[in-house]
Every structure is written in structure tokens, then in C-alpha cells.
Student: 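Structure incoming, see below.
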Number of protein chains: 2
Amino acid sequence: MEGEPISALCTPALVLDVDKVKINAQKMIDRYQKLGVQLRPHMKTHKTLECADIMTGGSRRCIVVSTLAEACFYADHGFDDILYAYSLPFDKVERCAALSERLDLFQVLLDHPDALELLRKRPLRDGRQWHVWMKLDCGNGRAGVLHSEPGALRLAQDIAKTEGVELTGVYAHCGNTYGCRGVEQIHAVAQETTDLTLQFMEKLKAVGISCKSSIGSTPSCSHPVKDMAQLSEVHPGNYVFYDVQQSTIGSCSLEDVAVRVLTRVIGHCPHRNQLLIDCGWTGISLDGAGKLPTGYAVIEGHPNLKLVSVTQEHGRVEPMSGQLDYSRYPLGSLLTLIPYHSCAAAAMHPVYHVHSGGRLVGKWTPTRGW
Amino acid sequence: MEGEPISALCTPALVLDVDKVKINAQKMIDRYQKLGVQLRPHMKTHKTLECADIMTGGSRRCIVVSTLAEACFYADHGFDDILYAYSLPFDKVERCAALSERLDLFQVLLDHPDALELLRKRPLRDGRQWHVWMKLDCGNGRAGVLHSEPGALRLAQDIAKTEGVELTGVYAHCGNTYGCRGVEQIHAVAQETTDLTLQFMEKLKAVGISCKSSIGSTPSCSHPVKDMAQLSEVHPGNYVFYDVQQSTIGSCSLEDVAVRVLTRVIGHCPHRNQLLIDCGWTGISLDGAGKLPTGYAVIEGHPNLKLVSVTQEHGRVEPMSGQLDYSRYPLGSLLTLIPYHSCAAAAMHPVYHVHSGGRLVGKWTPTRGW
């Protein structure tokens, strides 16, 4: 279907504006080149080779992944310097060892002494070292050793002195930027995460340990504070697509969002003042529920429409106010959804349709599973 | 990995108890054989060949699907008598025509005169007829012509008299049973849907039209009312797995649920009184949010645990009351989630791991997309 307009696609369909993808990727590359910080883009939003190529500027080096399936997928396709930034899962140590022994540089992450113990018990072949990032929780409240705990420094020291293991870096995810509204609040969280990370690096230095540092999240990396220049790396991911959530946070404008879900009107329900569309939660995901005045997505060009509910293959659309003018929405007509959360919407699609200026230029196939 | 215990799986993993699947399927087959009504099982929950085999008692005939991708997948693998029970999508008419011309019996569904007009404009080759079900909305409030509208009878008559088109049946989905609690309420909705459908069949008879009738939903078909014996077909789907939602509605007991998501503890967070598990919304889906006291799922064997939040690859678990005893949940230990909505959880998995009595017996691969 290359060369055809995106309107020729059967729906629902996830479409990517490749020009916006490239612009979003290049802006991030330029921003961190200027700041003198290594950009290690996260693959979790798209999980495709093509987009990884764009995000790494073609180098196929220096990426971060959220699943071991992604790590293997990229390793199998010539990528290297891969950081599997997920608290070392005890069931996957052997697979991690295999990647460590096969790639130039495969890096794992941990936040508990028991995980370190597992690595110690599985020395790598050929005198190779486990490359380990320690995850620090700087206020995000998910994974990581809490920055304020004495155990954090102790664990870092233990990693550094364990035979066969190298403390590669300290990694903090500032997902707490997702609660921000506007650049000022983003800056505040970015500053706090940076400060706490750099303070921890100082503590390490005081005990004779030096290693890399990395923080990340799309909001903070889209609006870095000056002190982030003192970090070794940053690791944002969602920015390559962006989404409505990111525009609400203040990471981007709605015009920067590279992803859409195309859908068609399949029903008129005048007795309920509703339209039915052929996109349910298998097409747009359940993310966004209750978070937007326009429901599960923004319906592009129709600010008065709301996607009020989704079931497996159906969406119900109604006007924010007034009566629907059905003549504007004949059966079969296209509507364009801007996803609330592009990671969640993309995860529902076995293939992404890529266009430039509305003309199809190809298909990208993500990897799935773990 | 056949023969190994399910605990050997890397997590998260969706596991199916094949014995429960078979029992659930057989009970439904027996129930409708006894009632003298044709069971046309719905494939939307699992989308696999193996489960379709079990649900059709090995006949590979008489199924219903929610997407054209499912229709093609089953057609490509020797299934026939397929009903694509989705308001005829205007962008897929040609693909529907191809299936109609290729299979012994491919059936479509519509609820609008414009859709009928599309079929009229695309006569099938070799003197074949379009087999058309008309969707009737008997109170579910999603797709279908409203039963009380005069246009419903008119559309049925128009289908019946259109050249090249046959009115195969009248189809009602009683998804409004999902609001029920207990068998009495399920019976009330089943009775109402049956009554309205049969009344419509009488109206058709009065104008000289006879065709099939079908209603469906897992709650109503798990607890049929006597009058359902007067229907031609029923079309439930979820029952083959069931889930926590169905047990809450009263369709089944929690013991009947055939599906689980296995997950492992990957973090201890005593400062938050929480555990982290390796199952986020990519493993369990976002369905269930706010609907269960135990959060996004039921954690089997741990009634005091709640899955309070999920992000892409992480779940946060905390006790309903009291302090977590971390010694009960060492890093790497397995937890078993019973999904709130099995259709939604299954949709997140590229493969299902099938076991009998806890020993792996195979893998089933679903189809995806549209």
C-alpha cells in the first residue's frame, strides 16, 4: 500500500508520522549533544528496529529496554550497548548471562543485595564482567533503593567490590514528572532527581568509587535543568511519539505528537445522541480513562466530541454538549484519535503504519512479550 | 518446556488450565444440546485454533468472531460457517465478499440501510448470496437497531427482499448482563432480551419472513431462561476462560476460571509497605481499575494482598491491612493473578502457556489485529 493515502487503511490502525518521529528524535539528540550528556534512548514505547535506528541516529548503539524480549530482539538485529533497565528478574539471570557473553556490552540493573548474590554465583565466561547499574529511587516511588537509605551506599559499594561484577552506573527514573503540569513543575522534579543523584555520586566518590549516572523520563529530558549537564547519561523514551498525556504535562505541544489511531464511524445512535466507532480498547487501550475531558483520547479536529467509553472492539462517541449532527459523520467516515498514552496504545497494535505527509511509506513491526 | 511445572516459566506469563477450559466448553455444549439450541461459540476472548477446536467439539464449524482478522485466521485453518458479528465496516466489504465467495458459509451482520446498500452494490460471484444477520439492540445500548424503532422491521424486510442478499437471522447481544449481580438478575436480563427478540421474530413472521434468532453473552448463556429454547442459536464466548468479573456477576465460581497470569516478586519496598511484581499493564491489562477490592486482579491464595497500581512493566502490591511480612515474599517468588477480565488480559499476551494439573502441555498462539 506504499504511496497510498492513510485513508486507504482498514481501521482501526495505528499510524505514525515519520517526519514528526524524526524531528522528535533529532531534537533530543541535539539537546544532549549540546549539553554534553550521552543520550540512551528507551525502546519501550515503540519496540521496533526502524524507530530505534532513528533514535540512535543510525548508530544502533546505546539503548535501554524494558523487557528481555526487547533486549534479545535488538541484539538479534545488530544492536549493541544495551541496558536492560529492569530490577534483575531472578528467573532471567541465565538469559542475561547469555547476552552478556554474546554482546560487546550488555548491562543489567539491580536494587537488592539478593540480586547481586545471583550475579556473583553466575560468573561470566571468558573473564567478562557483569555490567551493573544500581537503581536509585529519588522520589519516584517504584523500583530502586531509596536514596535516603544507608543501604543504598552499602549496595553500591558491594557491587563495586564483587568479583566479576562492575558498578557501571547509578540509574534513577523520574516518573514522578508525570504528575507535573507545566515546565516549572517539570524543572522542579528534574532538579530534585538530579540533585539527589549527584549527591549520591559524591557519596560514592568519597568512598573511592566512580561510575556513570543516568536519569530519565520524557518530561524531564524534554526540559532539562542546567545541572543535568553533570550527569553521564539520560534515558527518555516516550518522546519519539509523545502523546496527549505529555502535552498535558507540558513536555510537548499537541502538534508534536507523532502517533494517531485511525477509526471509522460504524453506527449512528440518535436515541442516545452517540456515534459508534470501530476502535475499542484493543485499538486505543484503556489508558486515559477519567483523565481527559474528551474521554479516552482526543478526537482530532472535533473538539466537541468525547470518546466516552470503549469495549473490546467498539467506542462510543458523544458530543460534549448539544445534539450530534449525523450528516457530518456518515457511516464509514474516518475519525482520528490522538492517544492519551502512546506506549499503551502502541502496545495494542501488531503493526504500525508509517506515513509521510499522509502517504504511506511502510510498516513497522514491534516485538512483544518478555 | 512440555512436562515442566508452570513455575519454570519466565514471568509474566499467561497460563491456561486446559482441563478447566475443556470443562467450561463441554458444559456449554451440553447445556445447549439439552435445550435444543445451536451453540455458536465466540472466539474473541482467546483467538486461537486450539481453543476453537475445543469450543466447537472438534467440528471447526459454527463460530462467531469479532474481527475480520479472526475470520481470515479461522478460514485459513479449515474453519467454516463463520459469523463476523460486527456492524459491517464500510472499509472491509471487499474482504468480506472474498470470504463469502470462498467459504461454504460466511455470514455478516448489519444494522443500517447504508450497509445493506453496500452489499447490494457488490453482488457475490457464482450466484452466491450474502448471508446477513440483522443486529437488534434489545437494551444493551451499543450496536444494533433499537428493537422499539419502526425502522428495525423495515430494515429486516429490506434485507429479506434485496436481490443477492439473504436475511439469515436476528442477532442480539445482551452485554447488559455485565451489570448484573447474581443469577436472578442475569435471568431477568436474559428473559428480557429473549422476549424482545422473540417478539421481533413474531413481527417478522407476521410479514411473512422467517429466519434464525440468536442472543448471547456469557452470563445469560451460563444461566439460560427456559424461553431461550425458542431461539435458534446462542453465541457466548468468555465462558471458556471465565474471570473474576464473571464470578462477580454470578456466571461462574472463581474455581471455574481457567486463566491466570503468573508473576514474580521483583522488589521489596518496606518504606511504602509494598511489594513490586514483574506484571504491569502489559501483563494483566488496565481492566479492573477501581472495580475490585483487591485492585487490578485477585492474587490467588493471598486474600490480604491488593494489586494497587500497574505501570507498563511493574505492579505495586500492598496488604489490605497491616504490615507486609516480607519473609513470605522473597525476591523471585511466584504470585498468581486471576484476571478481572480475561479478554483484556489475554489480549496483552503473544502466547498462552497451557498446562494440565500444573504441568506444561503446550503453547497456543492467538491472532491479533483487524
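Everything numeric in this text was worked out from a predicted model, so none of it was measured. As a basis for the values below, the full set of heavy atoms in this structure was taken, side chains included, without hydrogen atoms, waters or symmetry mates. Below, chains carry the letters A, B, ... as their sequence lines are ordered, and counting in each starts from 1.
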Student: With only heavy atoms counted, which part of A/Arg272 is less than 4.5 Å from chain B, the side chain, the backbone, both or neither?
Tutor: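 For A/Arg272, side-chain heavy atoms alone lie under 4.5 Å from chain B.
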
Student: Tell me which of these, B/Met348, B/Arg368, B/His314, B/His112, has more heavy-atom pairs under 4.5 Å with chain A than the rest.
Tutor: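 Winner by heavy-atom pair count: B/His314.
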
Student: In terms of heavy-atom proximity below 4.5 Å to chain B, should A/Ile266 be classed as side chain, backbone, both, or neither?
Tutor: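 Contact with chain B: backbone and side chain both.
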
Student: Name the region of A/Pro12, side chain, backbone, both or neither, that has any atom closer than 4.5 Å to a heavy atom of chain B.
Tutor: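 Contact with chain B is through both the backbone and side chain of A/Pro12.
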
Student: Can you say whether A/Cys269 sits under 4.5 Å from chain B via the side chain, the backbone, both, or neither, judging by heavy atoms?
Tutor: side chain

Student: Examine whether an atom of A/Leu9 lies under 4.5 Å from a heavy atom of chain B, and if so say whether it belongs to the side chain, the backbone or both; otherwise answer neither.
Tutor: backbone

Student: So which part of A/Ala344 gets closer than 4.5 Å to some heavy atom of chain B, the side chain, the backbone, both or neither?
Tutor: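 Backbone plus side chain of A/Ala344, per the 4.5 Å heavy-atom cut-off to chain B.
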
Student: Give the intermediate values and the outcome of side chain to side chain contact (heavy atoms under 4.5 Å, CB included) for residues B/Lys44 and A/Glu313.
Tutor: CA-CA 10 Å; B/Lys44 69 161 196 129; A/Glu313 299 293 347; over 6 Å; no

Student: Between A/Leu334 and chain B, which part of the residue has a heavy atom less than 4.5 Å away: side chain, backbone, both or neither?
Tutor: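 Neither; nothing under 4.5 Å.
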
Student: Considering only heavy atoms, which portion of A/Thr67 lies under 4.5 Å from any heavy atom of chain B: side chain, backbone, both, or neither?
Tutor: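 When you check distances to chain B, only side chain atoms of A/Thr67 fall under 4.5 Å.
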
Student: For B/Leu331, is there any backbone N or O sitting under 3.5 Å from a side-chain donor or acceptor partner on A/Asp114?
Tutor: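 Side chain of A/Asp114 to backbone of B/Leu331, a donor-acceptor pair under 3.5 Å: no, none is there.
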
Student: At a heavy-atom separation under 4.5 Å, does B/Leu110 approach chain A through its side chain, its backbone, both, or neither?
Tutor: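 Nothing of B/Leu110, per the 4.5 Å heavy-atom cut-off to chain A.
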
Student: Run the ring pair (Phe, Tyr, Trp, His ring centres under 6.0 Å) test against B/His341 and tell me which residues pass, sequence neighbours left out.
Tutor: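 By the ring pair (Phe, Tyr, Trp, His ring centres under 6.0 Å) rule, B/His341 matches A/Trp281.
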
